[in-house]
Amino acid sequence: QVQLVESGGGLVQPGGSLRLSCAASGFRFSNYNMNWYRQAPGKERELVAFISGFGSSTRYADSVKGRFTISRDNVKNTIYLQMNSLKPEDTAVYLCNANPAYGSGDSRVYWGQGTQVTVSS
């Protein structure tokens, strides 16, 4: 019954903003570090942003630093990706990923199916 369900993708003009959500269920959410990945046609899957179990640590790909912000709500079991100043090169399927933190007692890795983000005039 484990699920990661992304939402919030769509079509946006360059310079616009989107907020992606990933709703998690079926596992102890706070025991997991969370990541946003993206994959565009002809490109390797890219790690966009990372957040630790309680949100104390975050990391971003150089290509999105200063424009994207990852956050999490451990009451709602949801992570977010606020994307500002979007560029056409941000066009991709964005995927949510969960990895167990050290000492969590869990070992499984989970993936969502992705949500499409298209940045175009």
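Position 1 is the first residue of the sequence; numbering continues from there.
Note that the OG1 atom of T69 and the CE atom of M83 stand 11.0 Å from one another [nearest 0.5 Å]. Taking OG from S57 and CD1 from I70, the interatomic distance works out to 11.5 Å, rounded to the nearest 0.5 Å. Here N35 contributes atom CG and T58 contributes atom OG1; the two are 11.5 Å apart, rounded to the nearest 0.5 Å. Here the CD1 atom belonging to I79 is positioned 3.5 Å from the SG atom belonging to C96, to the nearest 0.5 angstrom. Between L20 atom CG and S7 atom OG the span is 8.0 Å, to the nearest 0.5 Å.
The shortest distance between side-chain heavy atoms of Q82 and S17 falls below 4.5 Å. Residues R67 and S85 have side chains in contact (heavy-atom distance under 4.5 Å, counting atoms from C-beta outward). Under the 4.5 Å side-chain criterion, counting only non-hydrogen atoms from C-beta, E46 is in contact with S63. The shortest side-chain heavy-atom distance between S121 and P14 falls under the 4.5 Å cut-off.
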Quiz item: What do the steps show when you test T78 against C22 for side chain to side chain contact (heavy atoms under 4.5 Å, CB included), and what is the final call?
Solution: CA-CA 5 Å; T78 301; C22 173; 5.6 Å; no
Exercise. Dump the intermediate steps for side chain to side chain contact (heavy atoms under 4.5 Å, CB included) on N84 and R19, then the final yes or no.
Key: CA-CA 9 Å; N84 299 326; R19 190 191 193 205; over 6 Å; no
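Side-chain N or O atoms of R38 include none that pairs as donor or acceptor with a backbone N or O of V93 at under 3.5 Å. Between the D73 side chain and the K76 main chain, a donor and an acceptor come within less than 3.5 Å of each other. Not one N or O on the side chain of T91 forms a donor-acceptor pair closer than 3.5 Å with the backbone of T118. Put simply, the side chain of E6 gets close to the backbone of Q113: a donor and an acceptor are under 3.5 Å apart. Judged by distance alone, the side chain of D106 and the main-chain N or O of R108 form no donor-acceptor pair under 3.5 Å. Between the N74 side chain and the S30 main chain, no donor and acceptor come within less than 3.5 Å of each other.
One hydrophobic cluster holds both V119 and V48 under the rule that ILVMFWY side chains link at heavy-atom gaps under 4.5 Å. No continuous path of ILVMFWY side-chain contacts below 4.5 Å connects V64 to Y80, so the two sit in separate hydrophobic clusters. L95 and L86 fall into different hydrophobic clusters, defined by Ile, Leu, Val, Met, Phe, Trp and Tyr side-chain heavy atoms under 4.5 Å apart, directly or through other members. In this structure, V109 is not a member of the same hydrophobic cluster as V2, with clusters built from ILVMFWY side-chain heavy atoms closer than 4.5 Å.
Between the side chains of N99 and N97, at least one donor N or O lies within less than 3.5 Å of an accepting N or O. Side chains of N33 and S52: a donor-acceptor N/O pair is absent below 3.5 angstrom, by distance only.
Pairing each heavy atom of S104 with each of A101, the nearest pair is OG-O, 3.0 Å.
Within the structure, the ring pair (Phe, Tyr, Trp, His ring centres under 6.0 Å) test picks out the following pairs touching residues 35-67 (sequence neighbours left out): Y37-W111.
Residue R45 qualifies as enclosed at atom CZ: its count of foreign heavy atoms under 6.0 Å is above 12. Within a 6.0 Å radius of CD in Q3, no more than 12 heavy atoms belonging to other residues, nucleotides or ligands are found.
Relative to the ring axis of F29, R72 places its NZ or CZ within 45° and under 6.0 Å from the centre.
Here K65 pairs with D62 in a salt bridge; the nearest charged N to carboxylate O distance falls below 4.0 Å.
Classification of the F27-Y32 ring pair by plane angle, with boundaries at 30° and 60°, yields perpendicular.
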